[in-house]
Student: 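Structure below; questions to follow.
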Amino acid sequence: NNLGYLYPGRDRELNAADSFDKLKDAVKSFEYEGMLSQVTDMLQQEKQSEFSSNTKSIDDVMFIEKSKRFSLAFENQFHYGVFYAYLKLKEMEIRNIVWL
């Protein structure tokens, strides 16, 4: 039984993570490390007190990653995941339109 990449080996480390740096350490050598490296640490951003257009929150990075993965569903044929991916991408599109 495999549930994701981090269970059971990193479960305790993830539960004990109470800061962003500990979270980064818990996911080292997994694919999530690259995603978290793109996230701008909010404490450092507050110290700089300037907003930059290249700063990304964890929500932004996860949104981009989900849209990439849902788009990959269309590369294969004959599976029902295409319908789920289409609906999720449509929800993302509606969210973007409402945001504008």
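Keep in mind that this is a model prediction, so the values were computed, not measured.
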Student: Can you tell me how far CG of Leu89 sits from CZ of Arg69, rounded to the nearest 0.5 angstrom?
Tutor: 13.5 Å

Student: Cluster question for you: counting only ILVMFWY and a side-chain heavy-atom cut-off of under 4.5 Å, with indirect links fine, are Val82 and Leu72 together?
Tutor: no

Student: What is the distance from atom CD of Glu13 to atom NZ of Lys28, rounded to the nearest 0.5 Å?
Tutor: 11.0 Å

Student: For a quick test of reading the model, state the closest non-hydrogen atom pair linking Ala73 to Ala85 and the distance between them.
Tutor: CB-CB, 3.6 Å

Student: Mind checking the CE-CZ spacing from Met35 to Phe30? Nearest 0.5 Å is all I need.
Tutor: 13.5 Å

Student: List in chain and number order the residues that pass side chain to side chain donor-acceptor pair (under 3.5 Å) with Glu93, two or more places apart in sequence or in another chain; answer none if no residue qualifies.
Tutor: Lys90

Student: Can you tell me how far the NE2 atom of His79 sits from the CZ atom of Phe74, to the nearest 0.5 Å?
Tutor: 8.5 Å

Student: Could you report the tightest heavy-atom contact between Asn96 and Phe63, atom names first, then the distance?
Tutor: OD1-CZ, 3.9 Å

Student: Taking the side chain as every heavy atom from C-beta outward, state whether Lys56 and Ile64 have any atom pair closer than 4.5 Å.
Tutor: yes

Student: Enter the distance from Tyr84:OH to Leu87:CG here, rounded to the nearest 0.5 Å.
Tutor: 9.0 Å

Student: Could you state the interatomic distance from CG (Leu14) to NZ (Lys22), rounded to the nearest 0.5 Å?
Tutor: 12.5 Å

Student: For residues Asp25 and Arg10, report the shortest heavy-atom separation together with the two atoms involved.
Tutor: O-NH1, 3.7 Å

Student: Using only atom types and a distance under 3.5 Å, with no angle test, would you say the side chain of Asp60 pairs donor to acceptor with the backbone of Ser57?
Tutor: yes

Student: Counting only heavy atoms not in Met62, do more than 12 sit closer than 6.0 Å to its CE atom?
Tutor: no

